[in-house]
Amino acid sequence: MTLNSEKIRKDFKILDQIVNDEPLIYLDSAATSQKPQAVLDVVSDYYLHDNSNVHRGVHTLGERATQAYEASRDKVRAFINAGDRRQVIFTRGTTTSLNFIARMLEGRLDEGDEILITYMEHHSNVIPWQELAKRTGAKLRYIELDSEGRIDMDDARAKITSATKIVSVAHVSNVLGVVNPVKELGELAHAVGAYMISDGAQSVPHMSVDVQDLDVDFYAFSGHKMCAPTGIGVLYGRLSLLEELDPVEFGGEMIDFVGLQESTWAALPSKFEAGTPNIAGAIGLGAAIDYLNDLGMDNIHDHEQEIVNYLLPKLQAIPGIEIYGPSDPAEHTGVIAFNIIGLHPHDVSSAFDMQGIAVRAGHHCAQPLLKYIDQQSTARASFYLYNTLDEADKFIEAILATKEFFGLK
Ligand SMILES: *Cc1c(COP(=O)(O)O)cnc(C)c1O
């Protein structure tokens with residue numbers, strides 16, 4: 001294996017516990033990842049020694065907090081290869097970032113304009129566009145998927161027209177585990193003068209991402225799926241757009257001058273960061289990036305791919321299992337949604353829990369996708385840098401045991 005799991009697992013004490021009389025196997029990192037000791041230490045050290053508001057105090061603690069907060073911005077900039085630190089806006093997470101973008105672009109849409117997304121989007125990349133469409137009279141359209149859940153590029157080419165103003169697509173699906181051709185879609189979008197947006201919640205934690213190479217106008221992701229605390233995330237934007245567009249939240253921090261009737265805005269990135277930010281979260285995100293960089297994003301990606309290459313064929317060989325997304329392991333990330341035919345996914349998830357294995361069941365915040373693939377819900381196992389081949393074996397054993405328990409052949 002590319003990564004030394006034995007060593008890595010010492011950094012995640014939470015994984016070393018017994019659940020329902022069995023050693024915990026955590027296969028729900030697509031919902032949220034666990035946090036390494038280094039991140040917990042940095043957050044607790046910040047509260048123990050430096051806690052203070054940022055960008056305000058002319059005192060030592062305030063300066064330390066500001067320095068650590070801004071150092072994290074530099075780490076994020078380098079991590080996604082943004083051209084300029086002012087392009088990194090701290091938010092609460094992917095959902096907030098996408099909502100911000102939809103608000104920011106409101107003035108650029110007219111009645112009859114089209115917003116184009118796909119059937120595989122997370123609700124946070126669906127509902128902000130539904131609401132924007134309602135406010136502006138724009139039309140929300142969906143790109144079709146092929147039978148294995150890939151974007152149908154012929155349909156994308158047909159639907160990206162001069163009426164298209166926004167194209168917004170997940171970089172990696174949180175259900176199908178498929179990687180989408182964001183760069184190619186961006187080229188099509190830009191050719192008709194549309195904005196290209198991508199939801200990176202399932203990509204940034206698992207592979208090296210270069211926003212300049214992708215050439216997207218906006219990109220969104222969450223800290224908590226990449227070893228950082230909850231409540232911190234990132235909105236990346238093209239510099240010229242961030243400079244032109246108006247803020248969407250107002251209050252302290254984001255102003256330059258405040259009059260009785262009118263105010264002016266601070267320079268980037270403060271313009272989009274109203275109020276006291278999640279300082280500890282941002283510092284924790286910086287520590288998480290250090291941790292991921294230490295392991296190497298390419299190594300993390302290879303490690304997960306090794307697990308998928310090993311696991312997916314074994315899973316496919318079990319009769320009575322339906323697996324969603326690409327059947328070729330090389331095209332499938334560590335997110336594996338499946339059903340045991342004849343069992344409700346909630347029963348599957350409960351049966352797994354009794355065996356110490358945490359998998360998710362439900363619609364995975366992607367109801368339009370579930371309807372599209374004609375399922376009410378699915379179970380989902382998702383793997384990350386701390387999972388092992390041994391756990392993949394236990395997962396297969398649990399499937400067989402669950403089938404047997406429910407009397408399925
Ligand atoms: C988790 C997730 C989101 C939402 O992230 P939050 O951290 O809940 O805001 C959006 N898109 C995808 C693909 C996700 O996996």
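Each residue takes its place number in the sequence, starting with 1. Indexing begins at 1, ligand by ligand and atom by atom, following the structure's order. Quick note: numbers below take in every heavy atom, side chains included, and nothing from hydrogens, waters or symmetry partners.
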- Looking at atom 10 (C) of ligand 1, what's its closest protein heavy atom, distance included? S124 OG, 3.1 Å
- Message: Under 4.0 Å, counting heavy atoms only: does A170 come that close to any atom of ligand 1?
- Response: no
- Query: Can you list the atoms of ligand 1 that are under 4.0 Å from a heavy atom of T94?
  - Reply: 4 (C), 5 (O), 9 (O), 10 (C)
- Query: Does any non-hydrogen side-chain atom of E273 lie less than 4.5 Å from one of I89?
  - Reply: yes
- Message: Quick check on contacts: which atoms of ligand 1 are under 4.0 angstrom from a heavy atom of Q202?
- Response: 13 (C), 14 (C), 15 (O)
- Query: Looking only at heavy atoms, is any part of D199 under 4.0 Å from ligand 1, and if so is it the side chain, the backbone, or both, or is it neither?
  - Reply: side chain
- Could you find the nearest protein heavy atom to atom 9 (O) of ligand 1 and give me its residue, atom name and distance? T95 OG1, 2.5 Å
- Do R157 and D154 meet the salt-bridge criterion of a basic N to acidic O distance under 4.0 Å? yes
- Message: Measuring from atom 4 (C) of ligand 1, which candidate in E121, R92, H122 has the nearest non-hydrogen atom?
- Response: H122
- Give a yes or no on whether a salt bridge exists between E106 and R103, defined as a side-chain N under 4.0 angstrom from a carboxylate O. yes
- Task: Just go through H171, H364, K225, H123 and tell me whose heavy atom is the nearest to atom 2 (C) of ligand 1.
- Result: K225
- Below 6.0 angstrom between ring centroids: does that apply to Y69 and F90? yes
- Step through it carefully: locate the ring centre of H122, locate the ring centre of H364, and say whether they are under 6.0 Å apart. no
- Query: F406 ring centre to K403 NZ or CZ under 6.0 Å, with the angle to the axis within 45°?
  - Reply: no
- Item | Side-chain (T91) to main-chain (G93) donor-acceptor, under 3.5 angstrom | yes
- Task: Check each heavy atom of S222 against ligand 1 and say whether those closer than 4.0 Å belong to the side chain, the backbone, both or neither.
- Result: side chain
